[in-house]
Amino acid sequence: MKTVLVFLEQREGVIKQASIDTWNHVQELVALRPGVAVSGILAGPARTLQLEGLLAGTGVIFHANEEAFRLYNPRRYARLVAETMRREGATSLFFADTALSRDLAPRLSVRLQASLLSGTPFDKGKVDDSGCARLVYSGAAIASFASERALNIFIATSRQTSFTTTFGAQISVVVLEPSMVTDDDLFPMVSSITMHKGMRDVAEATIIVAGGRGMGSSGGFCLLEELALLLGGAVGASRPVVDEGWRPHAEQIGQTGKTVAPVLYLACAISGAPQHLAAIGSAGTVVAINRDPHAPIFDVADYGIVGDVHLVLPKLIEELQDFLQKR
Amino acid sequence: MQIAVCLCQVPDTSSVISFVEGVIDFSRVNEMMNPYDEYALEEAVRLKERFEGSVVTLFCVAPPSAREMLRKALAMGGDRALLISTTERPDPFQTALLLCRAVAAFYGGVLPDLVFCGKHSTDFQSAQVPLMLAELLGIESVSAIIKLEASADSIQVEREIEGGIESLEVHYPALFSVEKGLNAPRKTTIKAVMEARKKTIDLLPLTISESPYVTITSIKPLVREKKCRFVQDPKELVRLLLNDGALF
C-alpha cells in the first residue's frame with residue numbers, strides 16, 4: 001500500500017487550520033484511488049483531542065510529543081520528517097503553505113531527493129499524484145509542473161471548506177519514541193516569538209476584508225476593521241496601501257505580500273492588479289465593491305457592487321448588524 | 001568577511017506578458033534583477049561597509065545576456081561577479097546545485113561566512129533555490145528575513161510568521177533569503193557605475209549531469225471565466241452570501 005504523509009503544524013500546541021485543511025484535501029484526493037493510506041506527522045507538544053471532529057477519512061497520526069519540537073527548529077524538524085518518510089515508506093509528503101513549510105520543504109527536497117511541487121495538486125483521478133499547477137509571471141499565465149522523482153513533496157494550497165464531512169472518520173494517534181536530540185541541532189534557534197495584537201492573520205483568516213487605495217487614507221480602514229470584527233475576519237490590504245504606509249506589510253495580499261485562500265474575500269476599492277488577483281486565486285467567494293464598473297477585480301468576483309465604498313460599506317455593516325440582532 | 005550573493009534575472013514586473021500562438025512572447029519583455037535580490041545585495045554591501053576587509057561576490061545562473069544586470073549589481077556595491085552561463089532553464093534543484101558548485105570552486109572548498117538570496121524570484125515564485133542551496137552547502141539558514149543584526153560571532157534575525165514575528169539566533173556560516181522591507185536598496189551613482197566597469201565578471205563554465213527534479217509541462221495564458229453577478233444594494237448581497245453559506 002502506498003502511503004501519503006501530511007505534516008501537521010502546531011504553534012503553542014494549537015494545530016493550524018491550514019494543516020487540517022491540507023489533511024482533508026489529501027483525503028479528498030486519495031478517496032478515488034484505492035490502495036493509498038494517509039498518515040500524519042505532528043511535531044511538538046499538542047493535545048491531539050483538539051483534532052476530534054475536524055479530520056476526515058482514515059489514518060494514523062505519528063506524534064513527536066516532545067519539548068524539543070515545541071518551537072520550529074529546521075534541523076530537528078527535517079530529521080524527524082525525513083525519518084518518518086523512510087520508516088513509513090511514504091512516497092508523498094504534503095505541507096500547508098506556511099512560513100514554516102517554505103523554510104523546511106526545500107531542505108527536505110534535497111535530503112530526500114524528492115521533487116518539490118507548490119500550488120494546487122492536480123485533480124483527483126485525472127493524473128497520479130505527481131503534478132501541480134500554479135500561477136506564474138505575476139498571474140499572467142498558469143503553469144503545470146510534473147515530478148521527475150519517485151518521491152514528491154507538495155506545498156499545497158487548500159481552501160478551508162465549511163462542509164468537510166468528518167462522519168465516520170477513523171483517526172488514531174501513535175506517540176513516537178523520544179528521539180536523540182543533540183546540542184548541535186540547536187541553531188538556528190528561535191529565541192522569541194512576538195505575536196501581533198488584535199485580529200487574525202490574513203493568511204489564516206476564513207473571511208478577509210481587504211482595502212485598496214480607494215479607501216482614501218489609513219483612517220478609511222476603520223470601516224474595514226469594523227466590518228472584519230463583525231464577520232470574525234481579518235483586514236487585508238493591497239500593495240499601494242502598504243506602500244503609502246496606511247497598513248503594515250503583514251497585511252499585504254499580492255505578489256510581494258501573502259497568498260490567501262479564505263472562504264470569503266471582500267475586495268473594497270481594490271482595482272485588481274494581476275499581482276493581486278494571482279494571490280486570491282484560491283479564494284472561495286469573492287465580492288468586489290468598486291466605483292469603476294470596468295475594474296479588473298470584477299473579472300474574478302462572484303458578486304459585485306458598483307459604488308463608492310464610503311457609501312456602500314456603512315450600509316453593508318448596518319445590514320449585517322441587523323441580521324445578527326434578529327438571529 | 002566573505003559574503004556571497006546569489007542573483008537571478010526576471011522579466012521586468014511592469015512589462016506585459018503576452019502569448020503568441022500559445023507561447024510567451026519574450027521579445028517585448030525587459031529582463032531585470034529580481035527585486036528581492038536587490039534587498040539581498042544591499043544587506044551584503046551594508047555588512048561589507050561595517051566589517052572591514054569584507055568582499056561581496058555575486059553568483060548568477062543565467063544566459064550570457066545577464067552581464068548587463070550583473071554590471072548594475074557591481075555598481076550597487078558587489079566586488080566581483082561570476083556568471084554561470086546556461087542556455088536551457090535549469091529547475092530549482094539544478095540551479096541550487098550549480099550555485100553550490102560555483103561557490104565551492106570560487107572559495108576553494110572553504111565556505112563563505114554569509115550567503116544572501118532573494119526570498120523568491122518574481123516570475124516563478126518557487127522559493128526553493130535558497131534553502132536547497134543551504135542544504136547542499138550544509139549550512140544554517142533562515143528564510144524570508146525582515147531584520148538582521150550581525151555581531152562577530154552570531155547573527156540575530158527576524159522573520160514574519162502567520163500572525164507574528166519570529167526571532168532567531170544563527171551562527172556563521174549561514175544563508176539568508178531576504179524579504180521585502182529588510183532595507184531600502186541604494187540607487188547607483190554615476191561614480192559607482194564608472195567604478196563597476198573596472199570590476200570583473202567571470203564566466204564559469206559549469207555543466208551538470210544531474211537531471212531535474214521538476215519539469216514544466218505547460219505554460220498557458222490565464223483565461224478567466226467572468227461570472228460576476230452585479231447586485232444593487234448591500235441588503236441583496238447579504239442575502240446572497242448567507243444563501244451560499246459564505247457568512248457566519
Side-chain angles (χ1 to χ4, degrees), chain A residues 74 98-99 102-103 106-107 109-111 115-118 131 135-149 162 187-196 200-201 203-204 231 249-250 255-256 263-264 284-285 287 298-306 312 315-316 319-320 323, chain B residues 11 13 17 24 92-93 96 122-128 130-132 134-136 140-144 159-171 180-181 211-222 224 226-231 233-235 237-238 240-241 244-247:
Chain A
T98 65
R102 282 164 177 247
D103 197 83
R107 276 194 177 269
S109 168
V110 171
R111 197 167 295 189
S115 69
L116 175 52
L117 300 150
S118 41
L135 295 176
V136 294
Y137 293 116
S138 310
I142 183 158
S144 298
F145 299 84
S147 160
E148 297 293 327
R149 306 291 306 173
S162 19
F187 296 97
M189 183 172 65
V190 175
S191 43
S192 69
I193 291 177
T194 320
M195 298 306 282
H196 299 309
R200 283 179 74 182
D201 191 79
E204 301 194 309
L231 296 171
H249 180 247
Q255 176 162 271
T256 46
V263 173
L264 174 64
T285 304
V287 175
F298 288 120
D299 296 349
V300 300
D302 298 280
Y303 300 113
I305 293 182
V306 178
V312 177
K315 276 190 208 155
L316 181 60
E319 282 300 330
L320 287 165
F323 169 80
Chain B
T13 39
I17 303 281
I24 294 183
F93 169 68
T122 53
D123 52 359
F124 277 75
Q125 295 181 273
S126 303
Q128 296 183 10
L131 279 284
M132 283 182 165
E135 177 74 13
L136 289 168
E140 293 176 20
S141 63
V142 180
S143 59
R159 66 191 203 105
E160 275 175 6
I161 54 172
E162 292 77 18
I165 288 171
E166 204 170 53
S167 307
L168 299 106
E169 184 186 340
V170 189
H171 289 169
K180 175 188 176 187
S211 36
Y213 279 10
V214 174
T215 48
I216 295 170
T217 49
S218 76
I219 298 185
K220 291 181 195 145
L222 181 68
R224 289 200 166 92
K226 295 183 192 180
K227 53 184 176 171
C228 187
R229 175 166 172 191
F230 285 94
V231 292
D233 69 314
K235 191 179 190 127
L237 178 66
V238 171
L240 289 165
L241 290 176
D244 291 354
L247 284 177

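Numbered from 1 within each chain, the chains take letters A, B, ... in sequence-line order. Treat the numbers as computed from the prediction; the structure is a model and nothing was measured.
- The line from OG of A/S118 to CD of B/Q128 is 5.5 Å long, rounded to the nearest 0.5 Å.
- B/K227 has a carboxylate O that lies under 4.0 Å from a charged side-chain N of A/D302, or vice versa, which qualifies the two as a salt bridge.
- When each of A/P74, A/A140, A/S138 is scored by its heavy-atom pairs under 4.5 Å with chain B, the top score falls to A/A140.
- Taking chain A as the reference chain and counting heavy-atom pairs below 4.5 Å, the highest number among B/I219, B/V170, B/V214 is found for B/V214.
- In terms of modelled atom types and a separation under 3.5 Å, the side chain of A/S144 and the main chain of B/S218 share no donor-acceptor contact.
- The nearest pair of heavy atoms linking A/F145 to B/T217 is N-OG1, 4.2 Å.
- In this structure, B/E169 contributes its side chain and A/F187 its backbone to no donor-acceptor pair below 3.5 Å.
- Taking 4.5 Å as the limit, some side-chain heavy atom of B/M132 sits within range of a side-chain heavy atom of A/S109.
- The choice from A/L135, A/L231, A/V287, A/I305 that makes the most heavy-atom pairs within less than 4.5 Å of chain B is A/I305.
- Ranked by heavy-atom pairs under 4.5 Å with chain A, the first of B/S167, B/S141, B/S143, B/G181 is B/S167.
- Shown here for A/P188 and B/L168, the closest heavy-atom pair between the two residues is CB-CD2, 4.2 Å.
- Listed options A/I142, A/T98, A/V136 were ranked by heavy-atom pairs under 4.5 angstrom with chain B; first place goes to A/I142.
- A ring-centre distance under 6.0 Å is not found for B/F230 and A/Y303.
- Residue with the most contacts toward chain A among B/L222, B/L241, B/D233, B/L247: B/L222 (heavy-atom pairs, distance under 4.5 Å).
- Put simply, CE on A/M189 and NE2 on B/H171 are 7.5 Å apart, with the number rounded to the nearest 0.5 Å.
- Other residues, nucleotides and ligands contribute over 12 non-hydrogen atoms within 6.0 Å of the NZ atom of B/K180.
- Interface residue A/S192: backbone and side-chain heavy atoms are both found under 4.5 Å from chain B.
- With a 4.5 Å cut-off on non-hydrogen atoms, A/A203 touches chain B through its side chain but not through its backbone.
- A pairwise comparison of heavy atoms in A/I193 and B/E166 identifies CG1-CG, 3.9 Å as the closest pair.
- Between B/P234 and A/V312, some side-chain heavy-atom pair lies under the 4.5 Å cut-off.
- Summarising the geometry, atom CD1 belonging to B/I165 is positioned 4.5 Å from atom NE2 belonging to A/H196; distances are rounded to the nearest 0.5 Å.
- Within the 4.5 angstrom heavy-atom criterion, atoms from both the backbone and the side chain of B/A134 approach chain A.
- Minimum heavy-atom separation, A/R107 to B/E135: NH1-OE1, 2.8 Å.
- With rounding to the nearest 0.5 Å, the separation of CG in B/L237 from CG in A/L316 is 6.0 Å.
- Put simply, CZ on A/R149 and CZ on B/F93 are 7.5 Å apart, with the number rounded to the nearest 0.5 Å.
- Between A/P106 and B/A127, the closest heavy-atom pair is CG-O, 3.9 Å.
- Interface residue B/T122: backbone and side-chain heavy atoms are both found under 4.5 Å from chain A.
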